[in-house]
Amino acid sequence: MTLRLRYVAGVSPSKWLRVWNDLRPDLTLEAIVVEESEQLDALVAGEADIAFVRLPVDAEGMHAVALWEELAVVVLPKEHPLAEAESLTLADLEGETLAPVQANPAMTIELVAAGTGHAIVPHSVARLHRRKDVVAIPLTDAPPTQISLLWPRERDDADIQQFVAVVRGRSAKSSRGSADDPPPMKPAKAAKLAAAERRAERRAAAAKSGDGKGKGKGKKGGAKGGRPAPRTGAGAKQRSRRRGR
């Protein structure tokens, strides 16, 4: 017996798979990534039991649980004049060419790297297809995307509810959602986190390029080799008299 899961690129189900394997070794969880354009096909055809989808989709006849929002980022060639910005707005991109959108996001980003234009994608997708020749910059005023968990109403059994509970980190009784569930991360906060991540990447790259600089220097405020400087003054003299008693 198998529980069949489908998920779109940008969703990383591995942590839930580990929990599920420990919790239900008797029920194998089959997880397969699908193209965003085909994210509902397996559910509708009865070839999958539950799916992580990126809205908007036609969820008629489905149970749906909203999980989290994804920050939108713009992917630019690394040599683009805006590539050093911490964050951008949609107005900053006016007049900029949009790269041809492909069914596979990796191909869209490859076209960006080739200089055909820019692409606006969820942050999770940009991270999944990260390349050295492009950058992903938060768009502070672009609408976020939403990840939800969907399953057919007729396939609403204890196994499905248990998996939903695992994903939510809640008991099975509250797995469909309740008023005390935390709201999705706000786009502004997500943008700050993404900008901080970019700064950390730059610092790491700068540190790597500067390997070997500053070696052999002592720590600030101490003697050579990082040892603290010897104490002098009345306090030191008083301790010397004590040791001489």
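Residues Pro77 and Gly117 approach most closely at CD-O, 4.2 Å, considering heavy atoms. Pairing each heavy atom of Arg54 with each of Gly10, the nearest pair is NH2-CA, 4.1 Å. Shortest non-hydrogen contact noted between Ala83 and Lys78 is CB-O, 3.3 Å. When all heavy atoms of Ala126 and Ala136 are compared, the closest pair comes out as CB-CB, 3.9 Å. For the residue pair Ser148 and Leu55, the shortest heavy atom distance occurs at OG-CD1, 3.6 Å.
In this structure, Leu139 and Leu93 have side chains that are in contact, with non-hydrogen atoms separated by less than 4.5 Å. Two residues are said to be in side-chain contact when any heavy atoms from C-beta on lie closer than 4.5 Å; Glu38 and Arg6 fail this criterion. Taking the side chain as every heavy atom from C-beta outward, Val166 and Arg24 never approach each other to under 4.5 Å.
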Original post:
Taking it one step at a time, do His80 and Glu96 satisfy side-chain contact (heavy atoms from CB on, under 4.5 Å)?
Top reply: CA-CA 11 Å; His80 193 281; Glu96 296 286 339; 3.0 Å; yes

**OP:** Would you check, one step at a time, whether the test side-chain contact (heavy atoms from CB on, under 4.5 Å) holds for Val34 with Asp41?
**Re:** CA-CA 9 Å; Val34 295; Asp41 291 357; over 6 Å; no

**OP:** Go through the steps for Arg4 and Asp49 under the test salt bridge (Lys or Arg N to Asp or Glu O under 4.0 Å), then give the verdict.
**Re:** CA-CA 5 Å; Arg4 302 164 298 176; Asp49 304 306; 3.0 Å; yes

**OP:** Carefully, step by step, assess Asp157 and Ile160 under the rule side-chain contact (heavy atoms from CB on, under 4.5 Å).
**Re:** CA-CA 5 Å; Asp157 56 28; Ile160 293 289; 3.4 Å; yes

**OP:** Tell me, with the steps shown, if His129 and Val125 meet side-chain contact (heavy atoms from CB on, under 4.5 Å).
**Re:** CA-CA 6 Å; His129 301 297; Val125 173; 3.8 Å; yes

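Applying side-chain contact (heavy atoms from CB on, under 4.5 Å) to Ile120 and the options Leu90, Val73, Val75 leaves one that passes, Leu90.
Rounding to the nearest 0.5 Å gives a distance of 10.5 Å between CD1 of Ile50 and CG of Asp159. For the atom pair CD1 (Ile109) and CG (Asn104), the distance works out to 9.0 Å, reported to the nearest 0.5 Å. Taken from OG1 in Thr108 to CD in Gln102, the straight-line distance is 5.0 Å, to the nearest 0.5 Å. With rounding to the nearest 0.5 angstrom, the NE2 atom of His63 is 9.0 Å from the CD atom of Glu154. Met62 CE to Arg155 CZ: the interatomic distance, rounded to the nearest 0.5 Å, is 12.5 Å. Taken to the nearest 0.5 Å, the CD atom of Glu70 stands 3.5 Å off from the OG1 atom of Thr145.
Hydrophobic clustering (side-chain heavy atoms under 4.5 Å, transitive across Ile, Leu, Val, Met, Phe, Trp, Tyr) groups Val33 together with Leu29. In the hydrophobic clustering of this structure, Leu98 does not group with Leu111; members are Ile, Leu, Val, Met, Phe, Trp, Tyr whose side-chain heavy atoms approach within less than 4.5 Å, directly or through other members. In the hydrophobic cluster analysis, where Ile, Leu, Val, Met, Phe, Trp and Tyr join through side-chain heavy atoms closer than 4.5 angstrom, Leu67 is grouped together with Trp16. Under the 4.5 Å side-chain contact rule for hydrophobic residues, Leu149 and Val11 share a cluster. The hydrophobic clustering, which links ILVMFWY residues whose side-chain heavy atoms are closer than 4.5 Å, places Val65 and Leu5 together.
Note: Phe163 and Trp20 have perpendicular aromatic rings, judged against thresholds of 30 and 60 degrees for the angle between ring planes.
Formation of a donor-acceptor pair under 3.5 Å by the Asp92 side chain with backbone atoms of Thr89 is found in this model.
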